[in-house]
Structure formats: structure tokens, C-alpha cells
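Worth saying up front: this structure is predicted, and the values here are computed from it rather than measured.
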Amino acid sequence: MATSSTEIVHDFFPLIRVYKDGRIERMRDRQIAPASVDQETGVKSKDVEISKEFNVSARLYLPNNSKPGEKLPLLVYFHGGAFVIESAFSPEYQKHLNLLVNEANVMIVSVDYRLAPEFPLPCAYEDSWLALQWIASHSIGEGSDQWLKDYADFNRVYFGGDSAGGNIAHNMAIKVEMEKLEGINLLGFFLNCPYFWGKDPIGDEMVKTDIKKFLDNLWLFLHPNTTGLNDPLINPVVDPNLYKLEGKKVLIFVAEKDILKHRGLYYKEALEKIGNVEFVEFEGEEHVFNLASPQCENALLMVKKLAVFLNQNGDKL
């Protein structure tokens, strides 16, 4: 007898469901906002292909009235979505990054990586590393993109991301330092509601056992070959290579109503021993609230804080 396609084998509502017949249902349709000149800010964007083989691409952003030869701080941004939804081309990211580019006067490369479960972890990390290598190639005049050659200041590079993208930004910062990637002078990175987790519960995780079970199972689903819930990829405070971030500037945003805020605080406390960290908690807000309400007071405050952070030139916070 044929297997019913309605039988669910993995249910991670409101993100994704996987059915016994292999069908994958994402709870949110993939929406694409075209690259353009933003009517509100004048920020320009375009899309580039990084790897046809691995389907890795990016959206690049430039401030209004940028002039060739005017070198701008370079932000490499990694989108969120729990590694299973979203893209660098969604309307929410387009809006947020247009506002940030306009406020901070920086160039952004927003990386689009392959999603689980079709491409389980560590694919997202591998794709992000491939993108960083591609970006770095432009620092010596190689590479295919003229914007990067003309505008990017490779001596002032920052990483950033929200949720799963914050997780990627952290892990890419570690890898850049370990691999000594030539052409990327990483000054620091920012994380917005970063998706970190761990085996032993902390904070609200002790009482919100249903959410903890959900997130425990989600990580094991995303990364079938993980070493577990204390894998350094998801629990950075146990990573013996955390010291590689010594001297980097780090800005961490968390939201009061987000269960992940405790992991953000835990991470901040670990980094304070080796680096320069600023921690901001937004009262009354939910996980990555700024994407849903980019013009709200706290979202605009976040953009202003990011603008200051991305224009430091080596000074302390």
C-alpha cells in the first residue's frame, strides 16, 4: 500500500515539516524582492553569482552617491531563518539592509547559502566560507565584481547576522582567524538574537521545557552528523578556539521576550574575558523583531548603533 503523503516525520512548525514520502513543506513562502535603487534611501543593490556549482550567491549594497575610489567599510551579512527558511533576497532583509547602508555609509555583501534539510549542515557554513574566499579574492584585484574592487575597504571588514545568520557570523569569524584568510582584515562582528544553544539548560530554558525540546531536536535535525548539543558550532562557549576572537569588537543584540537571549548573555560573558563586547537588550521585543517592524523605535535604534559600530576604525567601543 502506498505511503500517505500526509504522514509527518519531522514537525518544526512554524518553520518546516517533512513528510514520510520526502515532501518538504515550508511554513513561509519564499519571497523575493528584486535588486534595485531604493526609492526611500537611494541605496543601490545588485545580485551576483559566487558559485554556480553550489548555488551560492549574494546581494550587494552601495550607498547613494558612492564614488569609485571612495573606500567604504565592508559588512558581510548572513541572513537568519533557522537554517531552513529565508534568503538574502527577501523583502525583510532588503528593507533592513537598505536602512543600514544609508545610515552607516558602508558596503554590504549579503550572502545567500543553501538551506537544510535538502542541504544539511555544515553546508551553510561551507557556502559562507566559499563566499568569504570569493570576497577576499577582490582584495588583490582578482574576482569578478567591480563594486568590490572599487568600493570595499578590505582593511575594515565586519561580519554580521541575525538568528542563524548570527551563528554563521560567529563561526566565520573563528574560521577566518584560524585559517588566516588573506584579504580579510576582520575588525569585529555583530550578532542580532544569535541562534546558539546547548545541552544543559540555562535561564528560561529550565522551565520552558517544550521550547527546549523543540530546539534540541531542531539542531539534531539540521546537522545529522553533529557531535551533539554541545557541538561548538551551536554552543560557542565550549569551543576551545574561542580565544581566537581576542581583540575583536563584538556587538550583541538580544530581545527581552526571546528565549535565546540567555545564550546571547552567556556568550557575552565568555567573550568579555578575551575581548571588547557591547551587549544591548531590547525590552518588550521578540526574536529578530526588527525584520518584522523595521521602522519601529527599537529597530531604528538598532540601525543607529550598528552605524556607529561599523565606523570605528580600530577605536574602542
Side-chain angles (χ1 to χ4, degrees), residues 43 45 58-63 66 70-80 88 93 96-113 125 128-129 131-139 145 147-148 151-194 236 242 244-253 264 267-268 271 274-280 288 290 302-317:
V43 170
S45 59
R59 178 158 290 179
L60 277 58
Y61 295 83
L62 273 181
S66 299
E70 176 191 7
K71 297 298 185 180
L72 302 170
L74 176 62
L75 168 62
V76 184
Y77 192 87
F78 304 97
H79 71 81
Y93 287 104
H96 173 56
L97 297 182
N98 277 333
L99 290 172
L100 180 55
V101 170
N102 185 58
E103 182 72 28
N105 197 43
V106 298
M107 181 178 181
I108 294 181
V109 178
S110 181
V111 177
D112 198 59
Y113 50 86
Y125 301 112
S128 298
W129 181 245
L132 288 176
Q133 292 175 304
W134 177 83
I135 292 166
S137 71
H138 294 78
S139 68
D145 185 74
W147 281 11
L148 278 166
Y151 300 102
D153 186 346
F154 293 97
N155 287 313
R156 291 187 291 164
V157 179
Y158 290 87
F159 296 166
D162 63 281
S163 195
N167 176 300
I168 294 174
H170 158 81
N171 281 294
M172 290 303 101
I174 292 277
K175 191 169 178 64
V176 161
E177 295 306 305
M178 291 183 66
E179 300 288 339
K180 303 298 180 185
L181 181 60
E182 189 174 348
I184 296 284
N185 181 33
L186 182 66
L187 297 182
F189 55 95
F190 73 86
L191 313 179
N192 176 16
C193 298
L242 192 65
K244 296 284 187 181
L245 299 178
E246 185 174 3
K248 302 301 178 190
K249 301 177 184 65
V250 183
L251 175 58
I252 304 167
F253 298 120
Y267 177 75
K268 171 249 188 185
L271 279 188
I274 59 171
N276 189 358
V277 187
E278 182 180 357
F279 183 86
V280 179
V288 294
N290 62 297
M302 178 187 291
V303 167
K304 289 185 179 299
K305 285 184 173 293
L306 285 175
V308 173
F309 179 75
L310 296 171
N311 284 279
Q312 292 176 78
N313 297 321
D315 298 329
K316 290 186 176 181
L317 291 173

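- The two residues N105 and P73 come nearest to each other via the heavy atoms O-CD, 4.0 Å.
- Side chain of N192 to main chain of D162: no donor-acceptor pair is present (N/O by atom type, distance under 3.5 Å, no hydrogens or angles).
- Remark: of the listed residues N276, L245, L271, L271 is the sole one forming a side-chain contact (heavy atoms from CB on, under 4.5 Å) with V250.
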Derivation and outcome, side-chain contact (heavy atoms from CB on, under 4.5 Å), residues H79 and Y113: CA-CA 9 Å; H79 71 81; Y113 50 86; 3.4 Å; yes

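- Contact check for L251 versus L306: side-chain heavy atoms found under the 4.5 Å cut-off.
- Summarising the geometry, atom CD belonging to E70 is positioned 9.5 Å from atom CG belonging to L62; distances are rounded to the nearest 0.5 Å.
- With sequence neighbours excluded, the residues that form a side chain to side chain donor-acceptor pair (under 3.5 Å) with N167 are Y125, N171.
- Distance check, rounded to the nearest 0.5 Å: CG of D153 to OG of S139 gives 11.0 Å.
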side-chain contact (heavy atoms from CB on, under 4.5 Å) evaluation trace for Y267 with V277: CA-CA 10 Å; Y267 177 75; V277 187; over 6 Å; no

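- Between the side chain of D112 and the backbone N or O of R59, no donor-acceptor pair lies under 3.5 Å.
- The distance between the ring centers of Y77 and Y61 does not fall below 6.0 angstrom.
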Intermediate values then yes/no, side-chain contact (heavy atoms from CB on, under 4.5 Å), W129 and E179: CA-CA 11 Å; W129 181 245; E179 300 288 339; 3.7 Å; yes

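- Atom NZ of K71 is surrounded by more than 12 heavy atoms from other residues, nucleotides or ligands within 6.0 Å.
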side-chain contact (heavy atoms from CB on, under 4.5 Å) assessment of F190 paired with M302: CA-CA 11 Å; F190 73 86; M302 178 187 291; over 6 Å; no

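- Here the shortest heavy-atom pairing between I174 and L242 reads CD1-CA, 4.0 Å.
- A side-chain donor-acceptor contact under 3.5 Å links H138 to the backbone of D145.
- Minimum heavy-atom separation, A58 to V109: CB-CG1, 3.8 Å.
- Listed for the K248 side chain is a donor-acceptor partner under 3.5 Å among the backbone atoms of L186.
- The minimum heavy-atom distance linking G188 with F309 is given by the pair C-CZ, 4.4 Å.
- Heavy atoms only, all atoms of each residue included: A169 and L191 are closest at CB-CD2, 3.9 Å.
- Nearest heavy-atom pair across I168 and S128 is CG2-OG, 3.4 Å.
- Between L310 and the options L75, L74, I108, L72, a side-chain contact (heavy atoms from CB on, under 4.5 Å) holds for only L75.
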